[in-house]
There are 2 protein chains.
Amino acid sequence: MTEHFDGQEAWAAALRAHGRRVTKQRLAVLAAVERHPHSPAESILAAARAELPELTAQSVYVVLGDLTDLHMLRRFEPPHSPALYETRVGDNHHHAICISCGRVEDVDCAVGHAPCLTPHWNPDAKPMTIQIADVMYQGICQDCQRAQQLPPQSSLTRNKEIGEQ
Amino acid sequence: MTEHFDGQEAWAAALRAHGRRVTKQRLAVLAAVERHPHSPAESILAAARAELPELTAQSVYVVLGDLTDLHMLRRFEPPHSPALYETRVGDNHHHAICISCGRVEDVDCAVGHAPCLTPHWNPDAKPMTIQIADVMYQGICQDCQRAQQLPPQSSLTRNKEIGEQ
DNA sequence: GCACTTATTATTAGTAAGTCACAATAAGGC
DNA sequence: GCCTTATTGTGACTTACTAATAATAAGTGC
């Protein structure tokens, strides 16, 4: 209940543009994803409940699925992780995931503008019509690299909590 | 029990090279993945049971996980699909998935040789040390495109069966 | 070839993430 | 304000996978 009325309005307009009703549940989910990008459904539920306590997990799944189909949200599934959601859509950006701590970073498109959208088909393959090229970089972030070089410190905790990113 | 002794020997040697014992379970799993690339654990189990009926699902999960860690197998997780495995490792190749029928095609590396391994970091991001760049093309295969243009034919069946690919 | 050690596999139970069917509710057009 | 129907809530269920421990067998030395 602070100052995000402009955001509310923008989301509401977008929902109407897609023929969807403007409900507090959808607005809460959108706000939660906006505030916590790269979060799984469970964390989005927790965040959205801060302003809408009666929201249920199933509603979040339904809303996330629907908004993803509308391309108002983007969904991606890092290996060994539940699906993550973000509001940054439309640009063809990618993600880098630390295989040690799970941290996710946005990465702009690697090779110019619509780079990855033109695969090199094998001679015997039947080419598909490509719509998306999801690039998932996997590596080790600076913090984890430092932690592994230092002696003991064996606390490999995946940060599934909401506070991170 | 036919002619794949050469393959057996090669797999056995690779297992020994990694300090693993050569068991019929591992050989059966490797042979199954080799014969059915891009298959989920369940299908690999079914295929491996053809020559080793007493094999259990859990063993398949353990073996797949271990062999993946050894980089003798490669694992990838298309959206809305269980993890798939293949024996083609070492080359930096990618995958195209039909979002309608689930068909998977191999795609050679898009931009030269080690292309995707150099992300463009945002100014404020802390760069990670990248080890893998998984590119997942999503689109519609020729068959599904044709099927959607034709009139009714509303049989959207995901091919999770073993016979496909 | 035979015993023995320990990696590997089987058995059984359990969990996380998400789906399905249907009843209750409320958004938006009238 | 009422009414229709999209949306959400409730509760059961499924799929893909993990964990703990007992049984088995690969490879080593004799």
Side-chain angles (χ1 to χ4, degrees), chain A residues 8 11-30 32 39-46 48-49 51-70 72-73 75-85 102 158 160-161, chain B residues 8-9 11-30 32 39-46 48-49 51-70 72-73 75-85 102 156 158 160-161:
Chain A
Q8 298 262 96
W11 290 129
L15 285 171
R16 269 186 272 265
H18 284 288
R20 292 298 186 278
R21 292 184 180 170
V22 179
T23 65
K24 35 185 171 23
Q25 290 88 343
R26 285 203 247 252
L27 292 176
V29 166
L30 282 165
S39 292
E42 195 188 351
S43 303
I44 293 166
L45 171 64
R49 273 186 169 160
E51 52 183 286
L52 193 65
E54 69 271 28
L55 187 66
T56 66
Q58 288 70 4
S59 298
V60 171
Y61 279 115
V62 170
V63 168
L64 287 175
D66 185 46
L67 295 182
T68 303
D69 289 345
L70 297 179
M72 289 183 61
L73 293 180
R75 166 200 170 106
F76 61 103
E77 302 180 25
H80 307 285
S81 159
L84 306 183
Y85 296 86
R158 292 211 143 234
K160 308 184 81 171
E161 293 311 317
Chain B
Q8 298 262 96
E9 277 310 315
W11 290 129
L15 285 171
R16 271 187 271 264
H18 285 288
R20 293 296 186 279
R21 291 183 181 173
V22 179
T23 66
K24 35 186 168 39
Q25 289 88 342
R26 283 203 247 252
L27 291 176
V29 166
L30 283 165
S39 292
E42 194 188 351
S43 302
I44 293 166
L45 170 65
R49 271 186 169 161
E51 53 183 285
L52 193 67
E54 68 271 27
L55 187 66
T56 66
Q58 288 68 4
S59 299
V60 171
Y61 279 113
V62 170
V63 168
L64 287 174
D66 185 47
L67 295 182
T68 302
D69 289 344
L70 297 179
M72 289 182 61
L73 292 179
R75 167 199 169 108
F76 62 102
E77 301 181 26
H80 307 285
S81 159
L84 306 183
Y85 296 86
L156 289 213
R158 293 214 142 233
K160 309 183 79 172
E161 293 312 317

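In the text below, chain A, chain B and the rest are named by the order of the sequence lines, each starting its count at 1.
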Listed in order of residue number, which residues of residues 52-62 of chain B have a non-hydrogen atom at under 4.0 Å from DNA chain C? B:E54, B:L55, B:T56, B:Q58, B:S59

B:L30 vs B:L73 side-chain heavy atoms within contact, under 4.5 Å: yes

So, does A:R26 get its side chain near the phosphate of D:dT7, meaning an N or O under 4.0 Å from OP1 or OP2? yes

Using whole Å, report how far [atom1] of [X] lies from [atom2] of [N].
X	N	atom1	atom2	answer
A:L64	C:dA17	CG	P	14 Å
A:E77	D:dT15	CD	C1'	13 Å
B:H80	C:dG18	NE2	P	10 Å
A:L84	C:dA16	CG	P	17 Å
A:H18	C:dG28	NE2	C1'	19 Å
A:L45	D:dT10	CG	P	12 Å
B:D69	C:dA7	CG	P	17 Å
B:D66	D:dT18	CG	C1'	15 Å

Under 3.5 Å donor-acceptor pairs involving side-chain atoms of residues 54-62 of chain B, not counting sequence neighbours:
from  : atom 1 : to    : atom 2 : distance (Å)
B:T56 : OG1    : B:S59 : N      : 3.3
B:T56 : OG1    : B:S59 : OG     : 3.0

Nearest of D:dA6, C:dA7, D:dC17 to any side-chain atom of B:R21? C:dA7

Can you tell me which nucleotide in D:dC17, D:dG27, D:dT7 comes closest to the side chain of B:R16? D:dG27

Rounded to the nearest 0.5 Å, what's the gap from [atom1] on [X] to [atom2] on [Y]? Could you check?
X	Y	atom1	atom2	answer
A:E77	B:H80	CD	NE2	6.0 Å
B:L15	B:R26	CG	CZ	6.0 Å
A:R75	A:L67	CZ	CG	13.0 Å
B:D66	B:H18	CG	NE2	10.0 Å

Mapping B:Q25 and A:Q25 to their closest nucleotides on DNA chain D, which lands nearer the 5' end? A:Q25

5' precedence on DNA chain D between B:T23 and B:A83 (nearest-nucleotide basis): B:A83

Identify, with sequence neighbours excluded, every residue that meets side chain to side chain donor-acceptor pair (under 3.5 Å) alongside A:T68. none

